[in-house]
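A note on names: the letters A, B, ... follow the listed sequences, proteins ahead of strands, and every chain is numbered from 1.
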Amino acid sequence: MIKRKLPENSNNVNNDFCDFLMELAEYEKNVSRNIYKFNAYRKAASTLASHPVRIKSGQEAKKLNGIGDKIASKLDEFIETGQLEKVKKIREDNTNSIINTLTRVSGIGPAKAKELIADGIETIEDLRKHTEKLNHHQIIGLKYLEDFETKIPREEIEQIEVVMRSKISELDSQFEIIICGSYRRGKQESGDIDVLISHPSYTSHDTKSDNKLLENVVNVLKSCQLIVETISLGSVKFMGACRIAKRSRRLDIRLTPYDQYFCAVLYFTGSDLFNKEMRAHALNNGFTLNEYTLRKIGSTGVPGEPLLVTCEEDIFDYIDYPYKKPEERNI
DNA sequence: ATGTGAG
DNA sequence: ACTCACATA
């Protein structure tokens, strides 16, 4: 699943307000490391995004959820002058731009970036000279920086899928295998490859952790040279890289319990926005839906036992939501 | 245990 | 929003 920095919403009359609020939010998270301010700005942006009429003053906006004195006066400044002094400062702030550079590397977040800056490291070239300051994940992220920033053509994922299916089936024909994310939604390009696997011998009732299913799959894909790097490998999630043509690609493989397979397929197919909408619809109809289960909410407000789900359509049926093919979930 | 990061 | 994996402590 591709992750977006700004929740884009095409017809939003308060778009410009949301943009500067999100810019402030990112700054508070990455530079000030203040998660409360980050959340406050995001909340304000999201209420404005779903507000149907354009805000004409801070005063007017203050009635809305998540907007108080401080944000109201920022809205006023923006309405009067067409910009925000604070945003101007942020754009000129060197630290901010260095953090944005360093966090391009997978595994480097704002905390690590600040630590590197304190050590005098400010560019990707600096990083290449000081790999001793990086952990395994970050070293892989740096090594494949350009590859990982390059979109993957659909045809290449199709090729990878063929190899993966044949090798995994060869290992054990009972494996369920599906590539989710934007690929399943029919996109011509994807940011990474998100594979879901499942096996009848592994269910949610099983006592966890000591199963070797995922490890075995990863080993098979390593020995046929499809997997070329491992970033991390636990009992249910692999993160790494695979290669079939010129470039290496980010590959995630998740092992999901057999009885939760379709909820996981739905969830990891996305889009994020589609999931959000569908979960909201579920809630309206008295259900709670997550990555694992669909449950009916009882009169006491407590979710009941997971409902039996034998395909994606079942989930739509239960909550009375018109079925959408994966290609129709690109919202 | 806690923090960081990814998705 | 929430979970998983990993690196520290």
> Do A:Glu28 and A:Arg33 pass the salt bridge (Lys or Arg N to Asp or Glu O under 4.0 Å) test, and can you show the C-alpha distance, the side-chain angles, and the key distance before you say yes or no?
Replying inline: CA-CA 6 Å; A:Glu28 294 298 345; A:Arg33 316 271 21 240; over 6 Å; no
>> With salt bridge (Lys or Arg N to Asp or Glu O under 4.0 Å) as the criterion, how do A:Arg247 and A:Asp147 come out once you've worked through the C-alpha distance, each side chain's angles and the decisive distance to 0.1 Å?
In response: CA-CA 6 Å; A:Arg247 305 194 100 100; A:Asp147 277 5; 2.9 Å; yes
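Distances from the side chain of A:Arg42 to the nucleotides B:dG5, C:dA1, B:dG7 place C:dA1 closest. Distance from the side chain of A:Tyr267 is smallest for C:dA1 among the nucleotides B:dG5, C:dA1, B:dG7.
Rounded to an integer number of Å, the gap from A:Asn275 CG to C:dA1 C1' is 11 Å. With rounding to whole Å, A:Lys276 atom NZ is found 14 Å from C:dC2 atom C1'. The distance from atom CG of A:Leu102 to atom P of B:dA6 is 12 Å, rounded to the nearest whole Å. The interatomic distance linking A:Met239 (CE) with C:dA5 (P) rounds to 10 Å, in whole Å. Put simply, CD on A:Glu229 is 19 Å from P on C:dA5, counting in whole angstrom units. Between the CG atom of A:Leu255 and the P atom of C:dT3 there is a distance of 18 Å, given to the nearest Å. In this structure, A:Glu149 places its CD atom 12 Å from P of B:dA6, rounding to the nearest Å. Look at CD1 on A:Ile108: it is 17 Å from C1' on B:dG3, rounded to the nearest Å.
Judged by closest nucleotide on DNA chain C, A:Asn39 is the one of A:Phe238 and A:Asn39 placed further toward the 5' end.
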Could you list, one pair per line, each protein nitrogen or oxygen that sits under 3.5 Å from a nitrogen or oxygen of nucleotides 6-9 of chain C, together with the distance?
residue: C:dC6; atom: OP1; partner: A:Leu233; partner atom: N; Å: 2.7

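A:Asp252 comes within contact range of the sugar-phosphate backbone alone, with a heavy-atom separation under 4.0 Å but no base atom that close.
The salt bridge (Lys or Arg N to Asp or Glu O under 4.0 Å) analysis of residues 216-244 of chain A, with sequence neighbours excluded, yields the pairs A:Lys143-A:Glu229.
Close to C:dC4, at under 4.0 Å from its OP1 or OP2, lies a side-chain N or O of A:Tyr292. Remark: A:Arg250 is not in phosphate contact with B:dA6, judged by side-chain N or O atoms under 4.0 Å from OP1 or OP2.
Relative ring orientation between A:Phe274 and A:Phe316 is described as tilted, the plane-to-plane angle lying within the 30° to 60° band. Ring planes of A:Phe287 and A:Tyr318: tilted class, angle from 30 to 60°.
Between A:Phe17 and A:Phe78, a ring centre-to-centre spacing shorter than 6.0 Å is recorded.
Salt bridge status for A:Glu77 with A:Lys74: absent, with no side-chain N to carboxylate O gap under 4.0 Å.
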